[in-house]
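In each ligand, atom 1 is the first atom listed, and ligand 1 is the first ligand listed.
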Amino acid sequence: MTQTVDAPAARAHALPTVGHWIGGHPAAGASGRRGPVFDPATGAQTRWVDFASVEEVDRAVAAAKAAFPAWRATSLSKRTDILFRVRNLVDQHRREIAALLTAEHGKVPSDALGEIARGLENLEFACGIPQLLKGGFSEQVSTGVDVYQLRQPLGVVAGITPFNFPAMVPMWMFGNAIACGNTFILKPSEKDPSASIFLAELLREAGVPEGVFTVVQGDKVAVDRILEHPDVAAVSFVGSTPIARYIYETGTRNGKRVQALGGAKNHMIVLPDADIDMAADAAVSAGYGSAGERCMAIATVVAVGGVADPLVEAISARLPKVKVGPGTDPQAEMGPLVTRQHRDKVASYLEGAEAQGATIVADGREHPLYRDSEGFFLGVSLIDEVTPSMDCYRDEIFGPVLTVVRVPTYEDALRLVNDNPYGNGTAIFTRDGGAARQYQFDVNVGMVGINVPIPVPVAYYSFGGWKASLFGDLHMYGPDGIQFYTRTKVVTSRWPDPGTSKVDLGFPRTR
Ligand code: NAD
């Protein structure tokens, strides 16, 4: 009997697999569970990624725990030296990392290189660790008594990261975490896992000792084990709001320190006196850059008063010029979405918006690549006359869809932003310094841009939203990152001074 060969199944079987990185070495998955990784520009599966089991996470934590005592005892100058080398290797290999991001996330090379540049800023910040870990000293708090404060690492800490910044978000975390003397376990997104292993190889080349940086690939099984493992001291998370809430609640219930950054719905207020061209350029750049798959993307333009008509006209005039295409096309400015499922969900909001009474000014489903390509493409979309009750306003769409809400006054615009459950980023476009200052004072959002549409803080400030965009007390990276990855110890000291010692059962006083 002739045996039939299922060609696509055989091809899929033969694809390479992205594994874990444990104890300073690649580790093939042993769970028997894995997921597909796609090239979003072609729609083809290109790899598999292993999904860690509970036992594999336990092995990774054990390796990280074993590495901790020697790493925390490594001198600050040696740690700094290694971090400088990590920084330089990431810089040298930025094009290879960018190629991995394009291949699995779909973002175009210029955008991928921008992601790496912002990640590098965080590594540069971590290179200043000797200065950042300085404690405090108070001499003679009582006669012959001094008090000083130290910052010490927590132990094994973990980072769980989203698909949309597969290199930068890990760099938000691991530079500071290991600079502070912790050992770090990364659980990257299963949608674009390859950059994590490339980074692990660079860290090894830079001299990061075995077990100090670990990668476990996987899904909820790996995440849940990290959240309940008694030897994981802290968890940094970036992702969607429902998962961020779950991570925060579960991690803190298990006694861990947790910072969990969630989703967003970022508003850009445009006042009547704004420079229309500048505002339209900003709305298009921040709405459609990275196909809208940025947590700091502008989702909603809030047009105040008479600015609405000329602004919508200026934005729509720019849309036909946005070049959508694969990252292999040097002209392409916007790539595909990450998966077919996500692309279809984003597209469904256009249908819903129309049914709910909004005006579709530009429809991304009309783009030829949406119709004809196997890739996960969607053109740029603009929806006008949106109201706060519509799904396209209420939900985080996370795609190349810009919505416009028209309001009569600044007060209405402010109320809209402050009533929104998310509070990640926002921007105001105006020529009026007083109005901008008032907005910065009034708005309940963690990161504010004044004529700057994507106000991602530089690495020596910290990144974080308010409300449903962040669960926890400390923001990510920068000074808050150092605080998150260390705990303070206060030492009160006195040296023997013959003749001054006596028995005193009273509570110690300084006066
Ligand atoms: P996601 O929440 O689906 O996944 C994030 C991480 O959580 C991944 O590693 C994933 O494997 C894991 N995960 C997913 N479901 C889980 C579950 N049920 N239990 C345990 N772990 C689970 O997010 P995503 O789709 O990868 O990323 C996009 C989202 O991230 C958007 O909402 C975006 O706004 C948000 N984001 C926020 C920021 C920020 O700084 N606030 C930055 C980037 C992305």
Side-chain angles (χ1 to χ4, degrees), residues 18 33 35 37 40 49-52 57 104-107 115 118-119 122 158-173 185-193 195-196 215-228 235-251 258-266 290-299 337-339 341-343 345-346 395-399 420-426 445-447 454-457 462-472 474-478 480-481:
V18 185
R33 294 192 315 117
V37 180
V49 57
D50 283 321
F51 285 178
V57 175
E104 295 184 355
H105 173 284
K107 59 179 73 178
E115 162 173 358
R118 295 308 299 262
N122 289 276
I160 300 162
T161 54
F163 81 82
N164 65 325
F165 287 110
M168 182 185 77
V169 171
M171 286 192 263
W172 282 3
M173 301 172 181
I185 298 178
L186 174 64
K187 204 305 280 172
S189 168
E190 62 277 35
K191 297 193 177 90
D192 39 21
S196 65
V215 181
V216 285
Q217 310 288 357
D219 57 357
K220 184 168 165 57
V221 171
V223 171
D224 283 348
R225 184 56 186 153
I226 287 170
L227 292 177
E228 69 190 19
V235 176
S236 301
F237 173 86
V238 177
S240 60
T241 288
I243 310 299
R245 187 180 280 115
Y246 168 75
I247 300 280
Y248 184 76
E249 289 174 357
T250 315
V258 182
Q259 52 178 183
L261 277 61
K265 193 80 187 179
N266 305 313
S290 209
E293 292 173 324
R294 290 182 185 140
C295 63
M296 290 292 274
I298 291 296
L337 283 96
V338 69
T339 59
Q341 191 191 22
H342 182 56
R343 191 274 308 265
K345 183 168 174 225
V346 171
D395 296 352
E396 181 186 32
I397 300 178
F398 220 55
N420 194 278
Y422 296 105
N424 211 41
T426 187
V445 171
M447 293 172 281
I454 306 190
V456 175
S462 299
F463 180 109
W466 288 11
K467 301 188 276 185
S469 295
L470 186 142
F471 302 90
L474 291 170
H475 288 193
M476 189 81 53
Y477 70 70
D480 277 22

Heavy-atom nearest neighbour of [atom] within options [options]:
atom: atom 32 (O) of ligand 1; options: Glu396, Met296, Gln217, Lys191; answer: Glu396
atom: atom 30 (O) of ligand 1; options: Ala299, Gly263, Gly239; answer: Gly239
atom: atom 7 (O) of ligand 1; options: Trp172, Phe163, Phe165, Phe237; answer: Phe237

Answer yes or no for [X]: is there a heavy-atom contact with ligand 1 below 4.0 Å?
X: Gly262; result: yes
X: Tyr422; result: no
X: Asp219; result: no
X: Pro242; result: no

Between [X] and [Y], what is the shortest heavy-atom contact and its length?
X: Met476; Y: Leu261; result: CE-CD1, 3.5 Å
X: Asn424; Y: Cys295; result: ND2-O, 3.2 Å
X: Ser462; Y: Tyr477; result: OG-O, 2.7 Å
X: Ser469; Y: Gly263; result: OG-O, 2.7 Å

Hey, which atoms in ligand 1 end up nearer than 4.0 Å to a heavy atom of [X]?
X: Asn164; value: 43 (C), 44 (C)
X: Glu190; value: 10 (C), 11 (O)
X: Ile160; value: 6 (C), 7 (O), 9 (O)
X: Asn424; value: 41 (N)

Does the N or O separation between Thr241 and ligand 1 drop below 3.5 Å for any pair? no
Would you call Glu115 and Arg118 a salt bridge, using N to O less than 4.0 angstrom?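 Looking at Glu115 and Arg118, the cut-off is not met.
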Considering only protein heavy atoms, which is closest to [atom], and at what distance to one decimal place?
atom: atom 28 (C) of ligand 1; result: Phe398 CE2, 3.6 Å
atom: atom 40 (O) of ligand 1; result: Phe463 CE2, 3.0 Å
atom: atom 1 (P) of ligand 1; result: Ser240 OG, 3.7 Å
atom: atom 27 (O) of ligand 1; result: Pro162 CB, 3.3 Å
atom: atom 39 (C) of ligand 1; result: Cys295 SG, 3.5 Å
atom: atom 19 (N) of ligand 1; result: Lys220 CG, 3.4 Å
atom: atom 9 (O) of ligand 1; result: Thr161 O, 2.8 Å
atom: atom 18 (N) of ligand 1; result: Ile243 CD1, 3.6 Å

Could you go through the side-chain contact (heavy atoms from CB on, under 4.5 Å) check for Asp395 and Lys265 one step at a time? CA-CA 8 Å; Asp395 296 352; Lys265 193 80 187 179; 5.5 Å; no
Parallel, tilted or perpendicular, as decided by the 30° and 60° cut-offs, for the rings of Phe163 and Phe398: perpendicular
From Glu190 atom CD to Asp50 atom CG, the distance as rounded to the nearest 0.5 Å: 12.5 Å
Does atom NZ (Lys345) have a neighbourhood of more than 12 heavy atoms from anything else shown, all under 6.0 Å? no
Phe471 vs Thr241, side-chain contact (heavy atoms from CB on, under 4.5 Å): CA-CA, chis, key distance, verdict: CA-CA 9 Å; Phe471 302 90; Thr241 288; 4.1 Å; yes
Quick check: does any side chain N or O of Asn164 sit under 3.5 Å from a backbone N or O of Glu293, one acting as donor and the other as acceptor? yes
Can you check whether Ala158's main-chain N or O pairs, donor with acceptor, with Lys187's side chain at less than 3.5 Å?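 The answer is no, because no donor-acceptor pair under 3.5 Å joins these two groups.
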Per-residue contact class, Phe51 against ligand 1 - non-hydrogen pairs under 4.0 Å: neither
Min side-chain heavy-atom separation Val221-Phe51 under 4.5 Å: no
Is any heavy atom of the protein nearer than 4.0 Å to atom 24 (P) of ligand 1? yes
